[in-house]
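Here is the structure we will look at.
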Amino acid sequence: MKKATSIDYPAAADDILVKAAQKGDTVAFEELVARHRDKIYARAFSMLRNEDDAVDVSQEAWIKSWQRLTQFQGDSSFATWMTRITINLALDQLRRQKRVRSDSLEHLNEEMGGVERQMPVVNTNPTEGLERGELRIKIDKALAQLSYEHRTVLVLHEFEDLEYKVIAKKMQCSIGTVMSRLFYARRKMAALLAGLKRDEFPQ
Amino acid sequence: MKTDEILKLQAYLDNEVSSGEARRIATWLAGDSEARQIFQELKGIKSAMADNELLVKLPESREFYWSKIQRGIESAPTPAPRPEATRWWSRIGVPFAAAIAAVAVLMSVTSFDLPGLRLQTAVHEIDASEPDDGSITFHSQSEGMTVVWIPSGQ
């Protein structure tokens, strides 16, 4: 284990730890992992919705980041840079899963917004009166019920603040597809948060 | 309402339209109650989700989680040292050195006749060492070889 003795690791800022890690200091890198591991795991989990897959992908992201650490120039925060690596690996994993999964008619309908097209507009605020913790749990449960395309586009847009064109590049689709997925994902989220069940949608 | 109109509403909500298009959509929204209803629904979801991601925790201890990463990075190469900022003279120097090397290579296979600056290839030479004995000398610079051929009658 390589260590630079002059650094107070727990107190050092991220950029100091990154510079030390870029020189091969694994103790500095371990400190970075300890600081950001929950955030990185959470991003992987929000996309994959499976604990084991999320742990594996997040660990793979840390290993990849170690290998590419000299490419990090500090244009964004280290946490943001790590999150981008994690998102890319999670998307690769989802694409692999999609290849082995058969596309059912229901799945295609999800993609095209088959059900969401016919949903009534939710007029009342479905989140009114909820405590923040309750709201977060409700949003998480609703996200878990979306198809991975709809969930991913929402996570990247609402949680990561990425623009349409960046999402399109990451998801390897057109901007138009991103816009339509985002629209149907939001409509479905509105219905799920309002407590509407699928059999309550007009046919 | 057509799908492309709805998607324009959404792009307006997400600040993904030009300022001119934004003005046009704002005017449209003011006069169309159906568009306003859909816009409000999309806006409600966007604001509900903002900063409201559930903060899940890693379900493993720090040591256990790190142990697999450590194995991974120990088998991976150590990060290469970051290159120093490139100075102006090194930016010029590298192409200049390459040009000098190219000229050197060129000169190794050719020779310059400086008085007339005439480029002369001198890979092979054949000369008769003695005009009257019939022998011929073959010399190759590139092969580093000299062959003297003496006719069998000598």
Side-chain angles (χ1 to χ4, degrees), chain A residues 1-2 19 21-24 26 29-30 33-34 37-42 45-46 51 54-56 58-60 62-63 66-70 73 113 117 121-123 125-127 132 135-137 139-140 143 154-155 157-159 163-165 175-176 179-180 182-183 185-187 189-190 193, chain B residues 1-17 33-85:
Chain A
M1 185 174 284
K2 195 176 171 185
K19 278 182 185 140
Q22 283 173 330
K23 291 174 187 160
T26 51
F29 191 68
E30 185 185 359
V33 173
R37 65 184 196 271
D38 282 336
K39 180 182 168 63
I40 295 306
Y41 166 77
F45 182 77
S46 68
E51 278 191 4
V55 168
D56 287 347
S58 65
Q59 284 171 319
E60 194 186 341
W62 285 110
I63 294 166
W66 170 260
Q67 292 166 333
R68 299 175 188 171
L69 208 50
T70 52
Q73 300 291 319
R117 279 173 190 274
V121 174
V122 177
N123 289 313
N125 181 358
T127 61
R132 191 163 199 192
L135 176 58
R136 285 179 166 176
I137 290 169
I139 286 172
D140 191 64
L143 278 172
L154 272 178
V155 166
H157 194 272
E158 312 296 25
F159 295 154
E163 294 177 351
Y164 291 171
K165 64 179 177 189
I175 290 178
M179 292 168 77
S180 108
L182 185 58
F183 172 69
R186 279 170 164 162
R187 294 227 65 201
M189 278 297 282
L193 292 176
Chain B
M1 195 180 298
K2 290 179 185 169
T3 305
D4 60 336
E5 289 177 328
I6 294 171
L7 295 185
K8 272 185 190 169
L9 273 182
Q10 178 178 249
Y12 171 67
L13 172 70
D14 294 329
N15 289 320
E16 292 261 6
V17 293
S33 62
E34 188 190 354
R36 270 201 309 281
Q37 269 195 328
I38 292 180
F39 184 78
Q40 285 306 322
E41 183 190 72
L42 297 175
K43 193 177 173 183
I45 287 302
K46 185 181 170 80
S47 59
M49 290 188 74
D51 297 323
N52 276 323
E53 182 174 13
L54 187 66
L55 305 172
V56 292
K57 294 258 180 203
L58 180 71
E60 289 184 353
S61 70
R62 171 177 172 162
E63 292 73 23
F64 187 68
Y65 185 67
W66 168 250
S67 64
K68 187 180 167 189
I69 298 168
Q70 190 177 23
R71 281 197 301 276
I73 66 174
E74 278 171 356
S75 61
T78 305
R82 198 185 340 193
E84 293 295 323

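Protein chains get the first letters and strands the later ones, always in sequence-line order, with residue 1 at the start of each.
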Could you check if a side-chain atom of B/Ile45 sits within less than 4.5 angstrom of a side-chain atom of A/Arg187, using non-hydrogen atoms only?
-> no
Roughly how far, to the nearest 0.5 Å, is CE of A/Met179 from CG of B/Asp4?
-> 9.5 Å
Leading residue by heavy atom contact count with chain A [cutoff under 4.5 Å; candidates B/Pro59, B/Ser47, B/Ala48] | B/Pro59
Which distance, rounded to the nearest 0.5 Å, do you find between the OH of B/Tyr65 and the OH of A/Tyr41?
-> 9.5 Å
Taking B/Asn52 for the side chain and A/Arg136 for the main chain, is one N or O donor matched with an acceptor at less than 3.5 Å?
-> no
Kindly say whether B/Trp66 contributes a backbone atom to a donor-acceptor pair with the side chain of A/Glu30 at under 3.5 angstrom?
-> no
Which is it for A/Asp56 and B/Lys68 under the side chain to side chain contact (heavy atoms under 4.5 Å, CB included) test, yes or no, and what are the steps along the way?
-> CA-CA 9 Å; A/Asp56 287 347; B/Lys68 187 180 167 189; 3.4 Å; yes
Is the shortest heavy-atom distance from the side chain of B/Ile69 to the side chain of A/Arg37 under 4.5 Å?
-> no
Sort out for me which of A/Gln59, A/Glu163, A/Glu51 touches chain B most, counting heavy-atom pairs under 4.5 Å.
-> A/Gln59
For A/Ala42, the side chain to side chain contact (heavy atoms under 4.5 Å, CB included) test, sequence neighbours excluded, returns B/Val56
Taking B/Gln10 for its side chain and A/Phe183 for its backbone only, find out whether a donor-acceptor pair lies under 3.5 Å.
-> yes
Please examine the side chains of A/Thr26 and B/Gln70, heavy atoms only from C-beta on, and report whether any two atoms are closer than 4.5 Å.
-> no
Tell me, side chain or backbone of B/Leu9 under 4.5 Å from chain A's heavy atoms, or both, or neither?
-> neither
Hey, which of A/Phe29, A/Phe159, A/Phe45 has the most heavy atom pairs under 4.5 Å with chain B?
-> A/Phe159
Taken to the nearest 0.5 Å, the spacing of A/Leu182 CG from B/Leu42 CG works out to 8.5 Å
Mind checking whether A/Arg132 and B/Asp51 have side chains closer than 4.5 Å, heavy atoms only?
-> yes
Which atoms of A/Ser58 come close to chain B, meaning under 4.5 Å heavy atom to heavy atom: side chain ones, backbone ones, both, or neither?
-> both
Determine the option with the most heavy-atom pairs under 4.5 angstrom with chain B, choosing from A/Leu135, A/Ile137, A/Leu143, A/Val55.
-> A/Val55
Winner by heavy-atom pair count (cut-off under 4.5 Å) against chain A, out of B/Glu53, B/Met49, B/Arg62, B/Glu34 | B/Glu53
Looking at residues at least two apart in the chain, or sitting in another chain, which of them share a ring pair (Phe, Tyr, Trp, His ring centres under 6.0 Å) with A/Tyr164?
-> A/His157
